[in-house]
Amino acid sequence: MSVLEIDSVTKRFGGLLAVNDVSFEVDRGEIVGLIGPNGSGKSTVFNCIMSIYDVTEGSITFDGTDITDHRTHEVVNSGVSRVSQESNPIESMPVGGNIQLFTLPNSIVSFGGGASDAEIYEYAARVDIEDKLEEMPDELPHADIRRLEIAKALATEPELLLLDEPFAGMNQAEITELAATFERFRENGMTIVIVDHNMGGLMELVDRAVVLNNGDKLMEGTPTQVTEDPRVQKAYLGTAEEA
Amino acid sequence: MSSATDRLSTVTGRLDQSLQPLADGFNRLFGDYVGELNGLQFVLVFGSLAAVLTAPFWGTFGLVRAMTVAAIWAIFAMSWDIQSGYTGYISFGHSVLSGAAAYTTAMLIHNVDPGLSMAVTIPVSILAALVVGLLIALPSLRLSGPYFSLITFVAVLIFYRLIPSFSAYTGGETGIQSVEVFTYDPIARYYYMIVPMLVVAVALTFIARSNIGLILVSIRENEAAVNAAGIDATKFKIFSFALSSIPMGIGGVLLVHFTGGVDPTTFIAVDRSIEMIAMAVLGGMSSILGPLGGAFFLIVLRDYILTDLANLSSPARWTIFWALVLAVLVFVRDGLFRKLWHGLERYGRGRT
Ligand SMILES: Nc1ncnc2c1ncn2[C@@H]1O[C@H](COP(=O)(O)OP(=O)(O)OP(=O)(O)O)[C@@H](O)[C@H]1O
Ligand SMILES: [Mg+2]
């Protein structure tokens, strides 16, 4: 049963067609890759799901509910969380405070509430930064900042996790470890969509991949089908990718 | 030099330790609600509180009068802070809110019934401040960036010009001067202002230290992250403005019953809005108690030290007032009282 349905989504920025009539579905418990060269529209699809952008045409359904016109916080509260391509922690708050914000209730009369210290520790522990709760974001190495972004997303208790280039800037050991972490998320019942412009490492992790090129959906299929498809090879040819 | 500060912090550290049991008692009872104090901070807070509560018994007439005015402005500065200081959406028009409350009181008495009881005019006036606050906040806070500030700025200019246009009801440039004062006894009058101020200070400090305060600061630091956390940033921005409007209304009512009347210059002019900001900035934005300290500091300086003690002319007093604000902006950007607070934290820990 599909938990996320992207139905003929088009997004224009003025004259620029960033996403052109793209449709795909994600089943519960799947890990799906959303891949394509730089500028192919991957982050824009995520931004449309999160209602950061309004879609120009098309609709987005999550868990049977049309969330196309929901506002960002409503999308999050219905069970979708996204880790952006750019990290943007609040620099004046420690790691623990940054995670805590993501557990607070959306209520103007809720003076207390939110996660306990033990729960915040748990979210941090799921991505191995539980020893850094007191540290400020600018003291963290790049890989830990990325992990903090994932911990923040986890703290909203998502059913569907959207990861935008989670491996960017990490070394091979860090990538392997993080991929194993995502496997564990899936074993605990989470559905995941991972964006990457790099086809290489992702293919062992994903069940299926959807390929975008210049805003168009090129194809979708199993990792083997995708890597062997001549259209995909052509799209990646000449871009600086080592597919 | 460093050995001097070392020695100082040994002394203050020991002092802090001897005061710690007092602070611990406070922390056990209230720490969860308003934050924990060390010994020195405890003395600052409760020493100031004791000084404020007993001022009529040791202060001169001039000083107590200045502190009476300061109490009202402290309410304005704290109210501005919970909205502008915390969310970073800077309002240049907060005098519209206090003005709305003060004018409601005066216009009810002037136009409706001179015998109206304060039990009627006070709640209606505070409600008027809230309504005006929502009228400004609802359209403007849906927008991001500088539009909000510009709208508040224009709102105060419009309000200021509207008053003379309806002079039959508003009394025009000279205003309405037939409002009853609370009391002519300067000591009783002082407590009429100080008690509401303390209530506002405690209430806003509690809110600022709760989840709500954390969300408001997060809006200032990173509004996108707040939405991504599943929290409706727009709702909280509007809420903070409403939350600010209520004590602004209280302050406006206190001011009208202090002066015994309203006029556009004393109550509405954009200068008044900027003065509230100056007090909050001087004390330390987004700390509630900092703006309270800033208001007392600036008003006691302007209305007592520079007036009664130094006998300076009004232009000279205002020049010193603004020069001081400028100096704080340039050299102590976090504000004087925040600096003091963190200083006490450092020296309190001492070296063992
Ligand atoms: N806010 C915006 N305004 C105008 N154009 C935009 C905006 N956001 C994205 N675009 C354009 O839309 C196209 C798709 O961008 P998008 O960020 O979705 O690509 P991507 O696949 O995520 O690329 P990358 O791998 O570099 O992250 C690009 O041409 C980009 O310049
Ligand atoms: Mg992208």
Side-chain angles (χ1 to χ4, degrees), chain A residues 46-47 49-53 70-94 96-116 123 136-137 148-158 161-162 164, chain B residues 30-35 82-83 85-88 134 137 141-142 144 202-246 284-287 333-334 338 342:
Chain A
F46 275 8
N47 280 321
I49 298 172
M50 299 310 295
S51 291
I52 304 295
Y53 301 147
H70 283 196
R71 292 167 60 207
T72 301
H73 69 274
E74 295 169 323
V75 175
V76 173
N77 291 330
S78 68
V80 186
S81 198
R82 187 262 301 257
V83 173
S84 308
Q85 193 168 355
E86 292 87 25
S87 307
N88 61 349
I90 295 177
E91 299 289 347
S92 62
M93 292 181 190
N98 269 284
I99 297 174
Q100 189 195 2
L101 175 67
F102 279 67
T103 70
L104 297 183
N106 177 28
S107 158
I108 53 174
V109 292
S110 152
F111 298 106
S116 66
Y123 291 125
M136 301 306 278
L148 169 58
E149 294 297 314
I150 298 167
K152 283 158 57 179
L154 291 177
T156 67
E157 295 286 348
L161 186 60
L162 308 178
D164 200 340
Chain B
F30 304 112
D32 282 353
Y33 304 105
V34 293
I82 193 69
Q83 184 275 321
Y86 275 79
T87 67
L134 287 174
L141 280 170
R142 294 180 184 281
S144 298
V202 170
L204 290 182
T205 301
F206 168 75
I207 293 171
R209 298 291 174 114
S210 75
N211 282 348
I212 312 281
L214 181 61
I215 290 172
L216 298 183
V217 170
S218 302
I219 289 174
R220 181 186 72 203
E221 299 289 318
N222 189 340
E223 195 170 335
V226 172
N227 287 315
I231 297 165
D232 184 356
T234 303
K235 178 171 82 178
F236 276 87
K237 278 150 58 180
I238 292 169
F239 173 67
S240 77
F241 206 91
L243 186 65
S244 171
S245 302
I246 293 168
M285 280 203 276
S286 60
S287 64
R333 276 213 346 243
D334 289 342
R338 176 174 280 121
H342 291 162

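The structure presented is a predicted model; accordingly, all values stated were derived computationally and were not measured.
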Practice item. Provide the full list of salt bridge (Lys or Arg N to Asp or Glu O under 4.0 Å) pairs with a residue in residues 78-93 of chain A, sequence neighbours left out, each pair given once. Key: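 Pairs touching residues 78-93 of chain A that pass the test: none.
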Atom [atom1] of [X] and atom [atom2] of [Y]: how far apart are they, to the nearest 0.5 Å?
| X | Y | atom1 | atom2 | answer |
| --- | --- | --- | --- | --- |
| B/F239 | A/S107 | CZ | OG | 9.0 Å |
| A/N88 | B/E223 | CG | CD | 12.5 Å |
| B/E221 | A/L101 | CD | CG | 11.0 Å |

Point to revise | Distance-minimising heavy-atom pair for B/K235 and A/N106 | key: NZ-O, 2.8 Å
Point to revise | Sorted by number, residues from residues 225-234 of chain B in contact with chain A (heavy atoms, under 4.5 Å) | key: B/A225, B/V226, B/N227, B/A228, B/A229, B/G230, B/I231, B/D232, B/T234
Check your understanding: Among residues 206-217 of chain B, which ones touch chain A with a heavy-atom distance under 4.5 Å?
Key ->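 Hits under 4.5 Å: B/F206, B/I207, B/S210, B/N211, B/I212, B/L214, B/I215, B/V217.
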Check your understanding: Under a 4.5 Å heavy-atom cut-off, does chain B meet the side chain of A/M93, its backbone, both or neither?
Key -> side chain
Practice item. Against chain B, label A/P105 side chain, backbone, both or neither, depending on which of its atoms sit under 4.5 Å from a heavy atom there. Key: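 For A/P105, the contact with chain B is made by backbone and side chain together.
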Check your understanding: Who in residues 70-77 of chain A is close to chain B, using a strict under-4.5 Å heavy-atom cut-off?
Key -> A/R71, A/T72, A/H73, A/V76, A/N77
